[in-house]
Structure formats: structure tokens, C-alpha cells
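We name chains A, B, ... by the order of the sequence lines, and we start the count at 1 in each one.
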Protein chains: 2
Amino acid sequence: MTAPVFEVKLLQHCCNMKLDTIYKRIRSKGGRVTKVRKAIIEILYESGCILSSFDIMLKLRELKIRPNRSTMYRELIFLAHNNVITKNAIAHKDYFELPQDHHHHLVCVGCNSIQKIVIGNHLREQEKIIERENKFQIINHSLEFYGLCRRCRA
Amino acid sequence: MTAPVFEVKLLQHCCNMKLDTIYKRIRSKGGRVTKVRKAIIEILYESGCILSSFDIMLKLRELKIRPNRSTMYRELIFLAHNNVITKNAIAHKDYFELPQDHHHHLVCVGCNSIQKIVIGNHLREQEKIIERENKFQIINHSLEFYGLCRRCRA
DNA sequence: ATATTTGCAAACGTTTTGCATAGTG
DNA sequence: CACTATGCAAAACGTTTGCAAATAT
């Protein structure tokens with residue numbers, strides 16, 4: 001019996017939504033497309049990867065935008081609450097990304113870098129069984145692989 | 001094409017090691033089997049499930065053991081560092097359990113309860129591919145399913 | 001005019017630290 | 001005796017809150 005072949009590939013820029021669609025959604029919820037809010041979305045859009053609150057704060061600084069910490073945290077809550085970004089707790093910290101095709105993360109325990117990977121969504125089948133057997137309604141899952149990235153292995 | 005059938009079952013008490021083996025390991029590392037340390041291990045052994053630092057503190061209180069917070073945190077670090085317990089960060093908090101057969105967790109977003117599930121270790125195959133394709137050496141992974149438990153669904 | 005967004009200061013919950021004391025092998 | 005474990009106080013860390021002022025529609 002041969003092991004099944006899973007598809008594995010890297011993702012680059014691959015947000016599911018256009019920026020305009022995102023802004024429209026914000027306005028449709030009664031929100032305003034402010035400088036900070038817009039910048040956060042663009043930072044996530046440009047980077048194409050998962051970023052911590054702190055990462056985002058740094059990138060805002062690069063853009064000469066210096067919101068108060070609480071403002072930025074509130075923005076992130078607002079955006080996540082309105083499904084404009086997704087929130088993911090990894091190792092005591094919140095990480096954010098724009099909605100994209102189903103994927104998971106490789107977390108380097110050496111340098112704390114996080115990279116995306118796409119593996120076939122084989123958990124979906126298992127989720128159905130888990131829901132049935134445990135009478136537990138699954139909303140989402142989080143799967144991270146911890147290890148050493150290429151640089152840190154050397 | 002029929003969906004593959006995955007094995008799903010609940011775990012109860014199922015630590016891989018006997019308590020004596022654990023104590024021996026601690027002594028072999030130059031550690032002492034103190035009151036607090038022993039109690040923490042027994043609490044995890046008895047409960048058979050994953051517990052937060054806070055949970056453990058509460059259970060210690062039930063046993064009339066009231067260590068300082070820092071003592072307990074240091075114990076948990078010591079035990080995890082010596083592979084007597086495993087540490088798992090879920091939603092900004094550390095959770096601990098005794099080493100046991102490979103399993104994952106169902107995290108209820110309603111009541112924050114966490115239950116164990118065993119699913120066939122299908123990730124092992126994928127891990128090999130991920131390691132090869134990404135030149136990333138995987139040490140372990142963490143997989144949690146978030147959703148609503150039976151009680152919270154009602 | 002009204003609601004949303006912001007800054008500030010202060011608090012939160014969890015975890016870690018430094019240092020002196022107590023306890024154990 | 002030398003070393004490990006503990007208590008205490010204080011800090012670190014990421015995040016959240018209340019409230020008043022500023023801003024946008």
C-alpha cells in the first residue's frame with residue numbers, strides 16, 4: 001500500500017478579496033475607511049503573510065503612521081470581527097492575515113518566523129467524523145507545524 | 001469514491017509512563033520529588049486530561065497545597081523541560097499533560113473546555129512531504145479544533 | 001448632528017525574573 | 001555541605017478597558 005501523495009506548495013500574494021471589496025464591506029458595516037484601518041489592510045495585503053500585532057505596528061511605523069497601541073488592537077478586533085481579516089493565536093500571541101485559500105503554518109522555533117503551506121484539506125473528512133462521534137460542532141481548526149527553518153537548521 | 005474511514009475515539013486515563021518511572025526520571029536529572037512536584041504530576045495523572053496552569057493551581061488548593069504562583073510556574077517549566085509533561089499553548093495560555101498516545105484537542109469556544117480526541121496519525125505522511133518540499137525540519141505539530149461542545153450547542 | 005475613531009492612562013491575566021531563605025540528599 | 005526548591009515582590013508581556021476628545025459622514 002503506497003502512501004497517498006499530498007499536494008504541498010507555497011503561497012505568495014493570494015488574498016481572496018480585492019481591496020475595494022474589503023473597503024466596501026467595511027462601509028457596509030457602518031465602518032469608516034480610515035488611515036490606520038486602510039494601512040493595516042494594505043500591510044497585510046502587501047506582505048501576503050501572517051503578521052503579529054507587533055509586526056503590524058512596526059510596518060505602520062515604516063509608513064509614518066503611529067497609532068496608539070490600543071487603537072491598533074481595536075482596529076484588529078474590528079477587522080477580525082467583520083471577517084475582513086482572520087485572527088490566529090500562536091504561542092501566546094495573536095497573528096492576523098487576510099482571508100485566503102485554506103492553509104496552515106510552519107513555525108520556526110529558532111527564529112520565530114512563520115511561513116504558509118497549503119496541504120490538501122484532508123481534515124475536512126475527519127472533521128465530519130469528529131462532529132458526529134463527539135457531538136461537537138466544529139467551527140474551525142488551527143494546525144501549526146513547529147520546527148526549524150532552513151536557515152536555523154544550519 | 002468513498003471517503004476514507006478515520007478512527008476517532010475518546011481517551012481517558014492513558015499516560016504512557018508509570019508514576020514511579022516519572023519519579024525515577026526526575027531523580028536521574030538531579031531533581032527532587034518534592035511535595036508540589038509530586039502533586040502536580042499526580043493531578044495530571046488522575047485527571048487524565050490537559051490542564052491549564054490555573055487549573056493545576058486550583059487542584060493543588062483542593063489538596064491543601066498552596067505554592068506560590070512562581071513556584072508552580074517554575075515546576076511546570078522544570079517538568080516540561082525534562083520531558084515529564086508536555087506543554088501546549090492554546091489561546092494565549094499554557095496547557096499541560098502527561099505524555100500519551102498521539103492525540104489532538106477539541107476546544108469549546110463557549111465554555112473553554114478542552115477534550116481529547118484520537119484520530120489516526122495521518123499527518124505523519126504529510127509531515128514528510130512538508131519537510132522535503134520546504135526544507136523545514138518538523139519537531140512537532142499542534143492541531144486544535146475549535147467549536148461548540150454538546151452543552152454549549154444547546 | 002450623530003456615530004465612529006482615536007489617544008491616554010490604567011488595568012488585566014498569564015508568565016517570568018531576581019534575590020534571599022528554606023529544605024533536602 | 002552543596003545544591004535544589006520555595007516565597008515574595010516586582011516586572012514583563014500582550015492585550016483590553018473606560019473615558020474624554022477628535023474626526024468623519
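Between B:His141 and B:His102, the distance separating the two ring centers is shorter than 6.0 angstrom.
To the nearest angstrom, P of D:dT23 lies 16 Å from CZ of A:Arg74. When the P atom of D:dA5 is taken as reference, atom CZ of B:Arg66 falls 23 Å away, rounded to whole Å. Remark: C1' of D:dA5 and CD1 of B:Ile26 are 13 Å apart, rounded to the nearest angstrom. Across the protein-nucleic acid pair, B:Ile77 atom CD1 and D:dT6 atom P stand 13 Å apart, rounded to whole Å. To the nearest angstrom, C1' of D:dA10 lies 12 Å from CG of B:Asn68. Computed from coordinates, the B:Ile40 CD1 to D:dA5 C1' distance equals 12 Å when rounded to whole Å. Distance A:His81 NE2 to D:dT15 P: 18 Å, rounded to the nearest Å.
Rounding to the nearest 0.5 angstrom, the gap separating the CE atom in B:Met57 from the CD1 atom in B:Ile40 is 8.5 Å. Between B:His105 atom NE2 and B:Gln115 atom CD the span is 9.5 Å, to the nearest 0.5 Å.
The side-chain contact (heavy atoms from CB on, under 4.5 Å) with A:Leu79 is formed by just one residue from the set A:Arg74, A:Arg37, A:Arg25; it is A:Arg37.
When each of B:Phe96 and B:Arg27 is assigned the nucleotide of DNA chain C with its nearest heavy atom, B:Phe96 is the one assigned upstream, toward the 5' end.
Applying the 4.0 Å criterion to OP1 and OP2 of D:dT15, one finds that A:Tyr73 has a side-chain N or O inside that range. Not one side-chain nitrogen or oxygen of B:Thr34 sits closer than 4.0 Å to the OP1 or OP2 atom of D:dA5.
The footprint of chain A on DNA chain C, defined by a heavy-atom cutoff below 4.0 Å, extends from C:dA3 to C:dT15.
If you check every strand for non-hydrogen atoms under 4.0 Å, A:Arg37 touches sugar and phosphate atoms only. Note on B:Ser70: a base of the nucleic acid sits closer than 4.0 angstrom, heavy atoms only.
A:Asp94 places a side-chain heavy atom less than 4.5 Å from the side chain of B:His92.
For B:Arg66, the CZ atom is densely surrounded, since the number of other residues' heavy atoms within 6.0 Å is greater than 12.
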